[in-house]
Protein chains: 2
Amino acid sequence: MQIGEASRATGVSAKMIRHYEQIGLIPAADRRDSNYRDYGAEDVHRLGFIRRARDLGFSIAEIGDLLRLWGDRDRSSRDVKALTQSHIRELDAKIALLGEMRETLAHLVHCCDGDNRPDCPIIESLAGAAPISH
Amino acid sequence: MQIGEASRATGVSAKMIRHYEQIGLIPAADRRDSNYRDYGAEDVHRLGFIRRARDLGFSIAEIGDLLRLWGDRDRSSRDVKALTQSHIRELDAKIALLGEMRETLAHLVHCCDGDNRPDCPIIESLAGAAPISH
DNA sequence: CTTGACCTTACCATGATGGGAAGGTGCAAG
DNA sequence: CTTGCACCTTCCCATCATGGTAAGGTCAAG
């Protein structure tokens, strides 16, 4: 099948399929006489794998590791589990950071009247100790 | 003061200070005879404002809006509050997305023995063999 | 034979930041 | 005075994952 059909079948844009090939995440696709890329069931399967991993927030580098583990019959599930736990920790760190921002802002919003007057604890907090002189 | 001192005083790298000037987020700094940028108290104050907003996850465009509101004596706190609430909703969306990833992965990790054998529900789920349930 | 859908490569853009090269400036110590 | 060093300048390139667009080739149906 052509790249467009493979894209539709997997939810990975044709643009990204070419990109993944270019950076070596997937092997170079077969070519027809027309020079069009040609994809088979295995390629589509691999692209589906990549899309699911991407949807779970794995980076390209991590997806490369996962693909290697996927293709390795002698892999230990320990390795996969460790990679995944490491990724969960990354997610937890991001969530914690965003959560802190969210709470700080929620507090400021709570303290802000939100009326027509200029007095605003949000701006004052961003401005820090001393107001600008004008 | 020179850019390095302004950087140290605000926690914004010299690189980013030049960048903010280049994209028009801050006015072009005064120059000395040496062509070195020269920063005063007001500039440092503004950079501190930017750094705090950045630390709360505001985008450059949003920080531009906040700077305009900061400098506008006739602003209504309503506008600042609305901008902040909009940003909180963005943060909530990101947190929810990351949280979903996290929970899905936590479930898979829980189901994975993590031993020397290759059988691994994590890889199987990515491969599309089984739906991701939680 | 044209039209339109599809493909190809190549280049540029995002947002926020860092790295580094090549060269100018300023100040203190030799 | 010269050397050395810290600091500054501009310019270009890289990240990560993705999209856009342009210029052109391929192919099937009308």
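The shown structure was predicted, so the numbers you read here are calculated from the model rather than taken from an experiment. Labels below follow one simple rule: chain letters A, B, ... track the order of the sequence lines, proteins then strands, and each chain is numbered from 1. The analysis underlying the following values was restricted to heavy atoms, covering all of them including side chains, and did not include hydrogens, waters or symmetry mates.
- In this structure, CE of Met1(A) is placed 15 Å from P of dC6(C), rounded to the nearest angstrom.
- We find the CD1-CG distance between Ile122(B) and Leu69(A) to be 10.0 Å, quoted to the nearest 0.5 Å.
- Between Glu21(A) atom CD and dA17(D) atom P there is a gap of 18 Å when expressed in whole angstrom units.
- Counting non-hydrogen atoms under 4.0 angstrom, Arg32(B) reaches nothing in the nucleic acid.
- Between Phe49(B) and Trp70(B), the ring planes are parallel. Angles under 30° get that label, and only those over 60° would be called perpendicular.
- Within the 4.0 Å cut-off from OP1 or OP2 of dA16(C), not a single side-chain nitrogen or oxygen of Tyr20(B) is found.
- Following rounding to the nearest Å, Ile60(B) (CD1) and dT14(C) (P) show an atom-to-atom distance of 13 Å.
- One interatomic measurement links the two molecules: CD of Gln22(A) to C1' of dA17(D), which rounds to 13 Å at whole-angstrom precision.
- If you take OH of Tyr39(A) and P of dC6(C), they are 16 Å apart, rounded to a whole angstrom.
- Between the CD atom of Glu5(A) and the P atom of dC6(C) there is a distance of 11 Å, rounded to whole Å.
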Each nucleotide in nucleotides 19-26 of chain D should get exactly one letter: B, S or -. Can you fill that in based on protein heavy atoms under 4.0 Å?
BBB---BB
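- Between Arg102(B) and Asp92(A) there is a salt bridge, since a side-chain N of the basic residue sits under 4.0 Å from a carboxylate O of the acidic one.
- Helix-axis bend for the helix from dC1(C)-dG30(D) to dG30(C)-dC1(D): the local axis fitted to the five terminal pairs at one end deviates from that at the other end by 40°, rounded to 10°.
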Show your working on side-chain contact (heavy atoms from CB on, under 4.5 Å) between Met101(A) and Thr104(A) and close with a plain yes or no.
CA-CA 5 Å; Met101(A) 293 176 184; Thr104(A) 301; 5.9 Å; no
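- Taking atom CD1 on Ile63(B) and atom C1' on dT17(C), their separation rounds to 13 Å, with Å as the unit.
- In this structure, Asp55(B) pairs ionically with Arg51(B), as a charged nitrogen and a carboxylate oxygen lie closer than 4.0 Å.
- Annotation: side chain of Arg75(A) is in contact with side chain of Ile123(B) (closest heavy-atom distance under 4.5 Å).
- For the pair Arg31(A) CZ and dC27(D) P, the interatomic distance rounds to 14 Å; values are reported in whole Å.
- Looking at heavy-atom distances under 4.0 Å, Arg37(A) makes contact with sugar-phosphate atoms alone, never a base.
- Among residues two or more places apart in sequence or in another chain, the side-chain contact (heavy atoms from CB on, under 4.5 Å) test is passed with Tyr36(B) by Gln2(B), Ser34(B).
- In this structure, the side chains of Leu108(B) and Leu126(B) stay at 4.5 Å or more apart for every pair of heavy atoms.
- Residue Gln2(B) has its side chain nearest to dC8(D) when only dC8(D), dT9(D), dC7(C) are considered.
- When the side-chain nitrogen and oxygen atoms of Arg18(B) are compared with OP1 and OP2 of dC11(D), none of them lie within a distance under 4.0 Å.
- In terms of position on DNA chain C, the residue among Phe58(B) and Ile3(A) whose nearest nucleotide sits closer to the 5' end is Ile3(A).
- Between Asp119(A) and Asp113(A), every side-chain heavy-atom pair lies at or beyond the 4.5 Å cut-off.
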